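Nothing fancy with the numbering, it's 1 onward along the sequence. All values below come from the heavy atoms of this structure, side chains included, with hydrogens, waters and symmetry mates left out. On a predicted model such as this, the values are computed, not experimentally measured, just so you know. Counting starts at 1 for both ligands and their atoms, in listed order.
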Amino acid sequence: MKILVTGGAGFIGSNFIHYWLKNHPQDKVTNFDKLTYAGNLESLKDLEKNSNYNFIKGDISDPVSVKEAMAGIDIVVNFAAESHVDRSILDPAPFITTNVVGTQILLDAALKNKVRKFHHVSTDEVFGALTLDSKDRFNEETKYSPNSPYAASKAASDHLVRAYFHTFSLPITITNCSNNFGPYQFPEKLISLAITNLLEGKKIPVYGDGLYVRDWLYVEDHCRAIDLVLEKGKIGETYCIGVDNDIPNILIIKKILKTLGFGEEKIEYVKDRPGHDRRYAIDATKIKKDLGWQPKYDFDQALEETVKWYQGNKDWWQKLKDKKFEDYYKRQYVTR
Ligand code: NAD
Ligand code: DAU
């Protein structure tokens with residue numbers, strides 16, 4: 001089987017390629033990635049000599065290179081996206097070009113190429129925000145109510161994917177997943193930023209009151225869920241992925257501080273994210289019941305392993321915190 005993985009040089013995409021070639025070593029994987037600031041081939045260095053893996057540098061919003069990459073492909077798994085909420089607030093335009101226009105160009109090429117399946121990797125952020133005092137969780141029936149430019153662009157991409165199923169019978173599936181953490185995450189997201197900042201002797205910037213809640217999932221559990229959807233998922237359907245692991249940011253930060261032996265003097269409260277969604281939580285009953293998915297990883301243990309990974313792989317992340325990153329950091333973080 002030939003699989004086209006878009007955005008395979010990013011955090012989840014690179015974990016997915018490792019996962020896939022370990023569990024399906026006979027398949028051929030093409031990684032199609034633009035190599036934006038978030039794309040990093042170092043994450044896939046160990047696969048360079050694997051004859052079942054190849055890389056194409058390309059942009060999903062460029063129909064010519066997408067058409068070429070799609071030739072002979074059986075399955076598309078679309079991870080390629082601008083993925084960081086804060087950057088979508090600083091500059092929404094690339095989020096529309098990649099997440100919306102790029103997805104439509106991929107869908108068109110997949111349709112023309114008659115692929116067997118097009119899987120779209122999406123997010124729980126399309127559902128908007130839950131309140132802290134409710135026990136509600138997002139599920140496949142929750143109405144879309146995206147709040148950030150990132151979430152709105154992912155919502156638009158989901159709608160396009162569904163539309164290509166209903167209108168053109170393109171065999172699609174969609175997953176809407178909660179926050180991931182683990183190795184190879186660009187050091188701009190809460191957990192990877194917190195760990196790497198501490199390892200550099202810096203503080204952890206905490207938005208607002210620190211009581212925002214996310215449902216954190218270890219990245220390999222996400223990869224396994226996508227594998228199950230590809231294997232057994234019903235065409236045209238959406239599956240929500242999450243682990244009932246909704247924890248306030250400040251508690252996660254305290255766990256990381258403890259693991260690395262630091263105290264709360266390393267916490268710095270900073271200006272809040274505009275339009276900050278208060279709480280995300282997922283009800284993953286459907287994927288558990290219909291496809292038999294279960295998360296394998298315990299949060300505390302996986303978090304400790306993740307801290308160790310960043311401690312042991314400074315070569316991987318230190319060079320990502322370059323001058324460009326510093327400029328972004330200065331623009332993004334304003335001390336209260
Ligand atoms: P990431 O930012 O780490 O990686 C994105 C990858 O896409 C990078 O390698 C980048 O170079 C590539 N890319 C960006 N624009 C491109 C373009 N125009 N053409 C080709 N490649 C392009 O993102 P991630 O955290 O790995 O997220 C992957 C996907 O999963 C995204 O679609 C995101 O919306 C979704 N998702 C992420 C999370 C999370 O917690 N990180 C949770 C749920 C869903
Ligand atoms: O829910 C899934 C989504 O999770 C994905 O679709 C996105 O691609 C991914 O980036 C992530 O979005 P979040 O905005 O939830 O993740 P982030 O790591 O940016 O922030 C997590 C929480 O931590 C959120 O409440 C904001 C807060 N935060 C984040 C950063 C970067 C801070 O307090 N300080 C920070 O410096």
Is the ring centre of Phe11 less than 6.0 Å from the ring centre of Phe186?
-> no

* Are any of the side-chain nitrogens in Lys154 or Asp124 under 4.0 Å away from the carboxylate oxygens of its partner? -> no

closest protein heavy atom to atom 19 (N) of ligand 1 is Ile60 N, 2.9 Å

- Message: Given the ring of Tyr280, does Arg214 sit roughly above its face, with NZ or CZ under 6.0 Å from the centre of the six-membered ring and within 45° of the axis?
- Response: yes

Among non-hydrogen protein atoms, atom 6 (O) of ligand 2 lies closest to Tyr150 OH, 2.5 Å

Looking only at distances, please establish whether an N/O atom of ligand 2 is found under 3.5 Å from an N/O atom of Tyr280.
no

Checking heavy-atom distances from atom 5 (C) of ligand 1 to each of Ser122, Ser192, Ala81, the winner is Ala81

Q: Kindly state whether the ring of Phe299 and the ring of Phe181 have centres lying under 6.0 angstrom apart.
A: yes

For Thr123, the atoms of ligand 2 under 4.0 Å from one of its heavy atoms are 1 (O), 2 (C), 3 (C), 5 (C), 6 (O)

Is any N or O atom of Trp216, backbone or side chain, closer than 3.5 Å to an N or O atom of ligand 2?
no

Ligand 2 and Asn179, any nitrogen or oxygen pair closer than 3.5 angstrom?
yes

Can we say Lys254 and Glu264 salt-bridge, meaning some charged N sits less than 4.0 Å from an Asp/Glu carboxylate O? yes

Looking only at protein heavy atoms, what sits closest to atom 30 (O) of ligand 1 is Val121 CG1, 3.5 Å

shortest atom 31 (C) of ligand 1-to-protein heavy-atom contact is with Phe79 O, 3.2 Å

One finds that the ligand 2 atoms under 4.0 Å from a non-hydrogen atom of Tyr212 are 25 (O)

* Are any of the heavy atoms in Tyr150 under 4.0 Å away from ligand 1? -> yes

Under 4.0 Å from one or more heavy atoms of Pro205, ligand 2 contributes atoms 32 (C), 33 (O), 34 (N), 35 (C), 36 (O)

Problem - Side chains of Tyr164 and Asp108, donor plus acceptor under 3.5 Å - result: yes

*asked:* Under a 4.0 Å threshold between the charged nitrogen and the carboxylate oxygen, would Lys2 count as salt-bridged to Asp74?
replied: no

Per-atom filter on ligand 2: closer than 4.0 angstrom to a heavy atom of Glu188 are 31 (C)

Heavy-atom proximity to atom 42 (C) of ligand 1, picking from Ser178, Gly39, Ser61, points to Ser178

In this structure, atom 1 (O) of ligand 2 is nearest to the protein heavy atom Asp124 OD1, 2.5 Å

Restricting to heavy atoms, the pick from Lys34, Glu188, Glu125 nearest atom 21 (N) of ligand 1 would be Lys34

Working for side-chain hydrogen bond (donor to acceptor under 3.5 Å, both in side chains), residues Thr142 and Arg137 | CA-CA 9 Å; Thr142 307; Arg137 312 185 82 80; over 6 Å; no

* Answer with yes or no whether the side chains of Asp277 and Asn147 bring together a donor and an acceptor at under 3.5 Å. => yes

Among Glu125, Lys189, His276, Gln185, closest by heavy atom to atom 13 (P) of ligand 2 is Glu125

Should Asn179 be listed as contacting ligand 1, given a heavy-atom distance under 4.0 Å as the test? yes

Check: of Asn78, Val219, Asn180, Ile191, min heavy-atom distance to atom 40 (O) of ligand 1 comes from Asn180

- Treat each ILVMFWY residue as a node, draw an edge where side-chain heavy atoms are under 4.5 Å apart, and state whether Phe79 and Trp20 are in one component. yes

Numbered in order shown, the ligand 2 atoms found under 4.0 Å of a heavy atom of Asn249 are 22 (C), 23 (O), 24 (C), 25 (O), 27 (C)

* **Tyr37 N/O under 3.5 Å from ligand 1 N/O** => no

Contact region, Lys154 to ligand 1, non-hydrogen atoms below 4.0 Å, reads side chain

Task: Within-cut-off N or O pair, Thr98 and ligand 1, under 3.5 Å - done: yes

The answer for which part of Tyr207 has a heavy atom under 4.0 Å from ligand 2 is both

Mind checking whether Phe186 has a heavy atom under 4.0 Å from ligand 1?
no

Discussion item. Under 4.0 Å between a side-chain nitrogen and a carboxylate oxygen: does that hold for Glu305 and Lys308?
Written reply: yes

Within 4.0 Å of some non-hydrogen atom of Val206, the atoms of ligand 2 are 33 (O)

_Under a 4.0 Å threshold between the charged nitrogen and the carboxylate oxygen, would Glu188 count as salt-bridged to Arg87?_
yes

min-distance protein heavy atom vs atom 4 (O) of ligand 1 -> Gly10 CA, 3.3 Å

of all protein heavy atoms, closest to atom 25 (O) of ligand 1 is Phe11 CD2, 3.7 Å

* Asked: Under 6.0 Å between ring centres, would you say that holds for Trp317 and Tyr184?
  -> no

>> Is a donor from one side chain sitting under 3.5 angstrom from an acceptor on the other, for Thr103 and His120?
In response: no

Sub-3.5 Å N/O-N/O distance, Arg273 and ligand 2: yes

Closest heavy-atom approach to atom 2 (O) of ligand 1 among Ala69, Gly58, Ser83, Ala151 is made by Ser83

**Asked** Counting both backbone and side chain atoms, is some N or O of Cys177 under 3.5 Å from an N or O of ligand 1?
**Response** no

Do the charged groups of Lys296 and Asp221 touch, with an N to O distance under 4.0 Å?
no

Under 4.0 Å between heavy atoms, the region of Asp124 that gets near ligand 1 turns out to be neither

**OP:** Look at Lys34 together with Asp62 and state whether they make a salt bridge at an N to O cut-off of under 4.0 Å.
**Re:** no

Considering only NZ, NE, NH1 and NH2 on the basic side and carboxylate oxygens on the acidic side, decide whether Lys323 and Asp327 come within less than 4.0 Å. yes

_Side-chain donor-acceptor contact under 3.5 Å, Asn31 with Tyr53_ = yes

Whether Pro94 lies under 4.0 Å from ligand 1, heavy atom: no

For Val85, the atoms of ligand 2 under 4.0 Å from one of its heavy atoms are 14 (O)

Residues Tyr297 and Ala302: closest non-hydrogen pair is CB-CB, 4.2 Å

Within the 4.0 Å heavy-atom cut-off, what Ile204 brings close to ligand 2 is neither

Q. Any side-chain donor paired with an acceptor under 3.5 Å for Asp227 and His24?
A. yes

Closest to atom 11 (O) of ligand 1 among protein heavy atoms sits Asp33 OD1, 2.6 Å

So does Glu265 pair up with Lys203, basic N to acidic O under 4.0 Å?
no

Assess Gly8 for proximity to ligand 1: is some non-hydrogen atom of it under 4.0 Å away?
no

The atoms of ligand 2 lying under 4.0 Å from a heavy atom of Ser83, numbered in the order shown, are 7 (C), 8 (O), 9 (C), 10 (O)

*So, do Tyr207 and Tyr212 have ring centers that fall under 6.0 Å from each other?*
no

for atom 41 (N) of ligand 1, nearest protein heavy atom and its distance come out as Ile12 CD1, 3.7 Å

